[in-house]
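First comes the structure, then the notes that go with it.
All values below were derived from every heavy atom in this structure, side-chain atoms included, with hydrogens, water molecules and symmetry-related copies excluded. This is a predicted model, so every value here is computed, not measured.
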Amino acid sequence: MSRRFEIDAETLPDLAGMMLVTVEALKDLGGSATIQELDEKVIELEGVTEVEQAFTMPRDENRTRVNYYLAWARTYLKRGKALNNSSRGVWALTEGGSAITSVEETRAIYDQVALEERERARLKRLAAKGAKSSQASEIEMLAEDGPDDEEDWKSALLSVLGKMDPAAFERLAQRLLREAGFTKVEVRGKSGDGGIDGVGVLRVNLVSFQVYFQCKRWKGSVGSKEIRDFRGALQGRADKGLFITTGHFTSQASDEATRDGAIAIDLIDGDRLCDLLKENRLGVETEMIEKIQIKTSWFDGI
């Protein structure tokens, strides 16, 4: 099967092709999927290599290009009423989306939404920047506005985490594991212990077991080699490992982490790390904004 889109470090991918493969991936997954499940299925269907999955956005090295543009593919499909998504991040095909079978249909959705977005972007930037080529304007539009399911606070948080000293980041991981219920969490620091950064004890009901962890600030994607290397350091020590990173894991890394017959390794990528820090209120606070509305009709009944 020929590839419907290409991912490289410079050019804008064919979003219409990505939209079609997104629809096909959802059909294969039963009509609904989480973002991670959907991205991994698209990557599997298209045979996207680990090298391609490691390419990052030019203005934000915490965002991989393939995941960023797949988020845009979902956004275009949603605005074209082919997909909808729940508050829990589950994406599903609509009746119209289930009927899509060709790239001509996804391109028609793309063209309509892109036209609306370009006009909106033109009105915002025309006075300051002047006219640009259509492709350049579109690339800037995507980079500036972000897709519907992207959360800007996570990009800001990952930027902060990326600037932390490695030892400080290890201490942050230690604190997070303690908040999550681990005890006896020890950071090994610069011990050179085969890639192991620390160890903790997790109790589950009546059973407790040691979990060795590796925590790395990472730009782009963590590949299967890093997972294999970490597993090698775990041999003879533990039945389970935990890999924490500010980056993303390639689909091959995810497969390697759960390979049959090998030590299981749980993965926490940058997106999940942000959620955990937020849930445990570690450097992230959520404010509830009070909104007051005056219901004039209520006073009419007095």
Side-chain angles (χ1 to χ4, degrees), residues 3-19 21-22 25 34-36 38-43 46-79 85 89 91 110 113-114 117-118 120-121 124-125 129 132-164 169 216-223 226 244-254 267-275 277:
R3 290 275 290 273
R4 269 74 60 88
F5 62 85
E6 296 293 334
I7 290 290
D8 63 35
E10 301 294 336
T11 62
L12 186 72
D14 180 5
L15 282 177
M18 298 183 95
M19 291 162 64
V21 183
T22 297
T34 64
I35 292 174
Q36 181 178 352
L38 184 50
D39 284 356
E40 290 186 353
K41 175 57 72 171
V42 170
I43 287 168
E46 289 299 285
V48 181
T49 67
E50 284 197 289
V51 171
E52 291 172 321
Q53 292 174 61
F55 292 141
T56 59
M57 296 299 294
R59 297 182 184 179
D60 188 348
E61 293 184 327
N62 290 314
R63 297 175 179 171
T64 61
R65 292 178 68 87
V66 62
N67 296 109
Y68 181 68
Y69 286 122
L70 282 174
W72 265 109
R74 292 190 294 273
T75 294
Y76 275 70
L77 288 166
K78 178 182 176 180
R79 295 183 187 178
N85 64 309
W91 289 76
Y110 169 80
V113 176
E117 289 297 310
R118 279 197 296 270
R120 182 166 63 89
K124 288 173 59 177
R125 299 196 302 269
K129 296 185 177 180
K132 296 178 180 281
S133 69
S134 60
Q135 184 178 25
S137 296
E138 193 167 336
I139 292 172
E140 289 181 2
M141 176 195 71
L142 297 180
E144 178 181 318
D145 292 335
D148 286 352
D149 60 354
E150 186 176 81
E151 298 176 272
D152 290 338
W153 69 269
K154 289 185 177 181
S155 295
L157 177 55
L158 289 172
S159 179
V160 172
L161 297 178
K163 296 174 184 177
M164 292 181 69
F169 186 67
K216 292 288 184 287
R217 296 170 305 137
W218 206 282
K219 295 179 180 178
S221 294
V222 178
E226 287 72 31
I244 306 170
T245 180
T246 54
H248 292 78
F249 294 100
T250 65
S251 59
Q252 291 87 346
S254 297
L267 306 179
I268 297 177
D269 64 6
D271 185 75
R272 178 60 178 150
L273 178 58
C274 288
D275 287 332
L277 292 174

Quick one: do L161 and R217 satisfy side chain to side chain contact (heavy atoms under 4.5 Å, CB included)? Show the steps, please.
CA-CA 7 Å; L161 297 178; R217 296 170 305 137; 5.7 Å; no
Quick one: pull up [atom1] in [X] and [atom2] in [Y] and give me the separation to the nearest 0.5 Å.
X    : Y    : atom1 : atom2 : value
W218 : H248 : CH2   : NE2   : 14.0 Å
T56  : R63  : OG1   : CZ    : 11.0 Å
M19  : D14  : CE    : CG    : 10.0 Å
Y68  : M57  : OH    : CE    : 5.0 Å

Minimum-distance pair of heavy atoms, taken over all atoms of [X] and [Y]:
X    : Y    : result
E226 : V222 : CB-CG1, 3.7 Å
S251 : I43  : OG-CG2, 3.2 Å
Q53  : V48  : NE2-O, 3.1 Å
D39  : N67  : OD2-ND2, 2.9 Å

Looking at residues at least two apart in the chain, or sitting in another chain, which of them share a salt bridge (Lys or Arg N to Asp or Glu O under 4.0 Å) with D269?
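Residues passing salt bridge (Lys or Arg N to Asp or Glu O under 4.0 Å) with D269: none at all.
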Using salt bridge (Lys or Arg N to Asp or Glu O under 4.0 Å) as the criterion, list what pairs up with E52, not counting sequence neighbours.
R3
Got a sec, which residues hit side-chain hydrogen bond (donor to acceptor under 3.5 Å, both in side chains) with T245, two or more places apart in sequence or on another chain?
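Applying side-chain hydrogen bond (donor to acceptor under 3.5 Å, both in side chains) to T245 gives none.
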Results of side-chain hydrogen bond (donor to acceptor under 3.5 Å, both in side chains) for T246 - residues two or more places apart only
none
Tell me every residue that passes side-chain contact (heavy atoms from CB on, under 4.5 Å) with S254, counting only those two or more places apart in sequence or in another chain.
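Here the qualifying residues are Q36, E40, F249, L267.
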Criterion side chain to side chain contact (heavy atoms under 4.5 Å, CB included) on V66 and F55, from CA distance to verdict:
CA-CA 8 Å; V66 62; F55 292 141; over 6 Å; no
Step by step, would you call I244 with R272 a side chain to side chain contact (heavy atoms under 4.5 Å, CB included)?
CA-CA 9 Å; I244 306 170; R272 178 60 178 150; over 6 Å; no
Without swapping roles, check the side chain of [X] against the backbone of [Y] for a donor-acceptor pair under 3.5 Å.
X    : Y    : answer
W72  : T75  : no
S159 : S155 : no
Q252 : G223 : no

Verdict with reasoning, N85 to R74, per side chain to side chain contact (heavy atoms under 4.5 Å, CB included)
CA-CA 9 Å; N85 64 309; R74 292 190 294 273; over 6 Å; no
Quiz question: by atom type and distance under 3.5 Å, do the side chains of E50 and T250 form a donor-acceptor pair?
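Yes.
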